[in-house]
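Here's the structure, in structure tokens; my notes come after.
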Amino acid sequence: MLAVAETSATNQKIFRAPRPDEIDAAMSADPAGLPEINGLSAVPTELIDPGNSNTIQARVYGYTTYGSLMNPRQAEMFATTAKTIDQVYNELCLVVSEEYARALTSYAAGNLPRQLRRATRGANLLSHGNAQGTAQNRCQTGDVFSSQSVIKHQFDYIEAGPAAGPGTWFSVSKSLVNALKKVMQENYKGARPARFRRASAVSLPYRDKTVDALICDPPYYDMITYADSSDIFHAWFKRALGSSVPDLFGGAADGSDGLQDKTDEIIVKSKGRRIEGEHRTHDFYEAMLARSFSEARRVLKSDGHLTVIFGHSDPDAWKRLLAALTNSGFVVTSSWPSRTETAVTGAATINVTVTIGCQVAPQNRPVGIAAQVDAEVVSDVKARCRGWDIDGLALQDQLMASYGAALQIVGRYEKVLTPNGETVSLEHYMTLARRAVRDAVALRLNELPLETFDPPTRMAVFWHELYGRSDVPKGEARFFAQSDGLRLEDMKGPILTETKAGFRLRHDPPLSVTPSTNTYELVRAMAGAWPSGSAAVGAILAAAEVPAADAHLWAVVDWVAAKLPTPDPVAISLAAIKRNTSAIQASVSGALPPASPEQLTLDMENA
């Protein structure tokens, strides 16, 4: 123990050196001597799966059990708390009903994870305010979790004590009771008791066609490893609630490792060290998601409703979700985006999730004609974009929201046929919805509508608007290309470069210029040739057979120069090109001798 923080009478945080008696008390902790709780060791001995080296970062530092994630004095505090909660339940059963005792005990145990998050190895100092004193300056114990699902580790950490102050039992239990009081005051009148049951989404405990509504928020592939991340809570709950809630914490929900059973967990386990035989793969996820929707259809009444809440930046994830819904016999009847996500999860950053309303597909829906349905989708998405703009939704969020909107239109029809009798694919309508969002944005370069530029340039401009120089996953890049009728494979090289994470927009000059070179490539070639002067840039335009005063060309020059940071070499070259427009145009017109083909090749290689 290096320092102690106390709250003064004026509510200020004061740091001081620990007293000898405090050090002695801390060092005297010995949880190994505590008696068992419900036949379990007082401190969890359940092993952290070696494959959790990413989720449970302390694993790679040698902390192999969930009980070792906290130091001895912390472990003793939690073990004593868990033992007390278990004892309180047995005592309550003597004076109140077993059900009421279970409820009270569960509320008490709800404080355990709140304390664990603030009193475990890895919690850092969370400070607020600024040096100028214009904001409230204060500090507190930080969260042991980072990015929602990763339990971090650090050798120096902040520890909430057992007495008063933030993160202590008194603090977290008081705030929980206050929250419950507020809920009771607001909802007591007219409230009815409800029953909560634990079951698998692929095996619901209800008879056929007996349920009015189902609401689900499916996991998003590998964004959060829910069970792996929450096993730390499960291990302690087993000790605190093994007697009072045996169906959850008495071993019935355990796997062979004594932690949560992950047999049916519908996620993708792709992070951390690979484990032989790991079953939570992409194929498993998609198969189980489809099974869960089929099970939902089984238990729903014919007029029942299924609500799905989903948010993912990868269009492939959306394609699989929507395909699973439609293949299970559902149609989308409504969809709307809402701001529900604010954290960075490590796999994707989303500020918005989309709520999708579904019903079992009705009989005798009409057959749609492709051209007519396409027009309906485009019109509806564009109309929604106006509202989304007013709501301040970012372009990425609008693209995500457009998928559900498109399927709402398509769901009115039994199927949609092309003139030659082929069924239109789901992917077609996702691509069409994305294109409608792009067109609704109405990007203009020097007052020239984006749709008047060549397709690769349109793709490059919209890509930069959304992602700048960030890497984009392959699935998203593929949908991006399809929005302009392009193939991703054809764009790799001309405007995109492949990276480990996906694809990135190119800003370096192309290797050569021909009359078929697109405008975006041509502007990059001009920037690359600029170090050799106006004549070299003019030679680029001459090789591309582009008029010296081409409005679209100079609009892209202006746009790229404005989008890149001022110190960027490409931005510097384009700014110089803009200042020397007359000389460059004169060079193309023949007023100045253009560079020779040999010099042009040399300039491009040097660039």
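Only a predicted model underlies this, so the values are computations on that prediction, with no experimental measurement involved.
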query = Can we say Arg102 and Glu98 salt-bridge, meaning some charged N sits less than 4.0 Å from an Asp/Glu carboxylate O?
reply = yes
task = Drop me the distance from Asp471's CG to Glu476's CD, to the nearest 0.5 angstrom.
result = 12.5 Å
task = Using the six-membered ring wherever Trp is involved, compare the ring planes of Trp318 and Phe310 and label them parallel, tilted or perpendicular (cut-offs 30° and 60°).
result = perpendicular
message = What I want to find out is whether Lys563 reaches Glu465 closely enough, with some N-O distance under 4.0 Å, to be called a salt bridge.
response = yes
key: Exam field: side chain Gln260 to backbone Ala227, donor-acceptor pair closer than 3.5 Å   = yes
request  = Can you spot which of Thr263, Ile266, Asp228 makes a side-chain contact (heavy atoms from CB on, under 4.5 Å) with Arg280?
outcome  = Asp228
inquiry  = Are Val354 and Val308 packed together at the side-chain level, in the sense that at least one heavy-atom pair is separated by less than 4.5 angstrom?
reply    = no
inquiry  = Would you say that Phe479 contacts Asp316 through its side chain, given a criterion of any heavy-atom pair below 4.5 Å between the two side chains?
reply    = yes
message = Could you tell me if the side chain of Gln154 sits less than 4.5 Å from the side chain of Asn124, heavy atoms only?
response = yes
ask   = About how many Å separate OG of Ser338 and CD1 of Ile309, when rounded to the nearest 0.5 Å?
value = 7.5 Å
request  = Quick one: pull up CG in Leu300 and CG in Leu306 and give me the separation to the nearest 0.5 Å.
outcome  = 6.5 Å
message = Using every non-hydrogen atom in the two residues, find where Ala235 and Glu46 come nearest and quote the distance to one decimal.
response = CB-OE1, 4.2 Å
key: Under 3.5 Å side-chain donor-acceptor pair for Asn38 and Ser243   = yes
query = Got a second to check how far Leu176's CG is from Lys181's NZ, nearest 0.5 Å?
reply = 11.5 Å
task = State whether the number of non-hydrogen atoms from other residues, nucleotides or ligands found under 6.0 Å of Leu2 atom CG is greater than 12.
result = no
inquiry  = Are more than 12 heavy atoms, taken from residues, nucleotides or ligands other than Asp156, located less than 6.0 Å from that residue's CG atom?
reply    = no
note = Minimal heavy-atom distance between Thr65 and Thr45, with the atoms involved, is CG2-O, 3.7 Å
task = Kindly assign one of parallel, tilted or perpendicular to the pair His279 and Phe284, based on the angle between their ring planes and the thresholds 30° and 60°.
result = perpendicular
query = About how many Å separate CD1 of Ile48 and CG of Leu69, when rounded to the nearest 0.5 Å?
reply = 4.5 Å
Test side-chain contact (heavy atoms from CB on, under 4.5 Å) applied to Glu76 - qualifying residues, sequence neighbours left out = Ala29, Pro31, Leu34, Thr80
request  = To the nearest 0.5 Å, tell me how far Ile232 CD1 sits from Ile56 CD1.
outcome  = 6.5 Å
query = Can you name the residues that form a side chain to side chain donor-acceptor pair (under 3.5 Å) with Tyr285, not counting sequence neighbours?
reply = none
Centroid-centroid under 6.0 Å between Phe155 and Tyr61 rings = yes
query = Looking only at heavy atoms, what is the nearest atom pair of Val245 and Ser106, with distance?
reply = CG2-OG, 3.7 Å
query = Just wondering, do Asp30 and Pro72 contact through their side chains at under 4.5 Å, heavy atoms?
reply = no
query = Of all heavy-atom pairs between His464 and Leu564, which one has the smallest distance, and what is that distance?
reply = NE2-CD2, 3.9 Å
task = Please name the pair of heavy atoms, one in Arg298 and one in Leu204, separated by the smallest distance, quoted to 0.1 Å.
result = NH2-O, 3.2 Å
ask   = Using 4.0 Å as the upper bound for N to carboxylate O, is an ion pair formed by Arg16 and Glu22?
value = yes
task = Measure across Val472 and Ala477 and return the closest heavy-atom pair with its distance rounded to 0.1 Å.
result = CG1-N, 3.9 Å
message = Please tell me whether Asp568 and His507 have a donor and an acceptor in their side chains that are separated by less than 3.5 angstrom.
response = no
task = Report yes if the side chains of Pro113 and Trp236 come closer than 4.5 Å at any heavy-atom pair, otherwise no.
result = no
key: Distance-only side-chain donor-acceptor flag, Thr225 / Thr55, under 3.5 Å   = yes
query = Salt bridge or not for Glu498 and Lys474, using N-O below 4.0 Å?
reply = no
key: Carboxylate-amine/guanidinium contact Asp247 Arg197, below 4.0 Å   = no
